[in-house]
Undergrad: 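I'd like to ask you about the structure that follows.
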Amino acid sequence: MTRRSWPWIVGAAAVAIVLLGVLAVWAFVVRSMSDPESSGSLGIRIDGDQVTVKSAQCPGDLARRVEVRDSGSEKLVWYADGPLTEQGKSGRLALWKADDYRDAAGGRVPAKLPGELDVLVDYGSAGGTGEVFDLSLVRAAQIPAGHYWTPAGVRTAQEIDAVLDCSGRGEATS
């Protein structure tokens, strides 16, 4: 090896290391995007014909809007704006219960709910959260009173709220 070839070897090694690093970052991003993990910031329970979701929220946050879509078709099934009840203001949102909201559309609970519901809760400038729920899993779970089914496991309302870092104004911690 001559002194002239040494810079070329070092340069080629540096390029190879940079390319491997870029490839590793790309693989991480692709994997994390294709395998999303729920933070459990939204839970659901079904009691007869009453469907209720619990949205994680920090003190002082108020849900502005809740939307329910058929996950298979993305068709809007029901929505409501401005919860009026104390439960709704604390993130316990009764779906298809128009009297609990300032404005609601979509009528009563469908006789046959879609297999998967896509529920979105918007907090305005404080952001929002959403989750797709497989209703066969929710119905099959043994959910005690005061608890909600989440993809991260059955949780209480307090446990759902605890997934947020309220000092950071709503950044998920799990």
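Computation of the quantities below employed the complete heavy-atom set of this structure, encompassing side-chain atoms and omitting hydrogens, waters and symmetry-equivalent molecules. All values derive from a computational prediction rather than experimental measurement.
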Undergrad: Any carboxylate oxygen within less than 4.0 angstrom of a Lys/Arg side-chain nitrogen, looking at Lys97 and Asp99?
TA: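 The answer is no: the pair does not qualify as a salt bridge.
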Undergrad: Below 4.5 Å, heavy atoms only, C-beta onward: do Pro144 and Val154 meet side chain to side chain?
TA: yes
Undergrad: I need the minimum non-hydrogen distance between Ala94 and Asp100, along with the two atoms involved.
TA: CB-OD2, 3.8 Å
Undergrad: Might you confirm whether atom CD of Gln142 has over 12 heavy atoms from other residues, nucleotides or ligands at distances under 6.0 Å?
TA: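 12 or below, so no.
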Undergrad: Apply side chain to side chain contact (heavy atoms under 4.5 Å, CB included) to Asp122 and list each qualifying residue two or more places apart in sequence or on a separate chain.
TA: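 Counting only residues at least two positions away or on another chain, Asp122 forms a side chain to side chain contact (heavy atoms under 4.5 Å, CB included) with Arg65.
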Undergrad: So Tyr148 and Arg155, do their side chains get closer than 4.5 Å, heavy atoms only?
TA: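 Heavy-atom side-chain distance check fails, nothing below 4.5 Å.
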Undergrad: Measuring from atom CD1 of Ile160 to atom CD of Gln57, what distance do you get when rounded to the nearest 0.5 angstrom?
TA: 11.0 Å
Undergrad: Would you indicate whether the side-chain heavy atoms of Glu116 and Asp70 approach each other to under 4.5 Å?
TA: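 Contact flag for Asp70/Glu116 side chains = no.
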Undergrad: Can you name the nearest heavy-atom pair linking Pro83 to Leu93, along with the distance?
TA: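 Where Pro83 meets Leu93 most closely, the heavy atoms are CG-CD2, 3.9 Å.
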Undergrad: Within the structure provided, determine whether Leu117 and Ser71 are in side-chain contact (heavy-atom separation under 4.5 Å).
TA: no
Undergrad: Could you tell me whether a side-chain N or O of Glu159 sits under 3.5 Å from a main-chain N or O of Thr156, the two making a donor and an acceptor?
TA: yes
Undergrad: Return the minimal non-hydrogen interatomic distance between Val121 and Ala63, and the atom names on each side.
TA: CG1-CB, 3.8 Å
Undergrad: Considering all heavy atoms of both residues, which atom of Ala157 and which atom of Arg92 are nearest to each other, and what is their separation?
TA: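 Closest heavy-atom pair between Ala157 and Arg92: CB-NH2, 3.2 Å.
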Undergrad: Are the side chains of Leu135 and Ile44 in contact, using a 4.5 Å heavy-atom criterion?
TA: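 Yes, at least one pair of side-chain atoms sits under 4.5 Å.
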Undergrad: Does any N or O in the side chain of Arg45 come within less than 3.5 Å of the main-chain N or O of Val53, such that one atom is a donor and the other an acceptor?
TA: no
Undergrad: With heavy-atom distances below 4.5 Å as the criterion, would you say the side chains of Val66 and Val119 are in contact?
TA: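 In contact.
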Undergrad: Is a salt bridge present between Asp161 and Lys54, judged by a nitrogen-to-oxygen distance below 4.0 Å?
TA: yes
Undergrad: Got a sec, which residues hit side chain to side chain contact (heavy atoms under 4.5 Å, CB included) with Ala141, two or more places apart in sequence or on another chain?
TA: Ile143, Trp149
Undergrad: Side-chain contact, heavy-atom cut-off 4.5 Å: Trp78 with Pro110?
TA: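 Not touching, per the 4.5 Å side-chain cut-off.
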Undergrad: Taking side-chain hydrogen bond (donor to acceptor under 3.5 Å, both in side chains) as the definition, give me every residue that meets it alongside Thr52, ordered by chain and number, with sequence neighbours left out.
TA: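 Not a single residue meets the side-chain hydrogen bond (donor to acceptor under 3.5 Å, both in side chains) criterion with Thr52.
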Undergrad: Looking only at the side chains, is there a donor atom on one of Thr129 and Ser41 sitting less than 3.5 Å from an acceptor on the other?
TA: yes
Undergrad: Can you give me the closest heavy-atom contact between Asp81 and Tyr101, atom names plus distance?
TA: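 Taking every non-hydrogen atom into account, O-CB, 3.5 Å.
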Undergrad: Between Lys89 and Leu62, which heavy-atom pair has the shortest distance, and what is it?
TA: O-CD2, 3.5 Å
Undergrad: Are the side chains of Thr150 and Phe133 in contact, using a 4.5 Å heavy-atom criterion?
TA: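 Result no, sub-4.5 Å side-chain heavy-atom pair not found.
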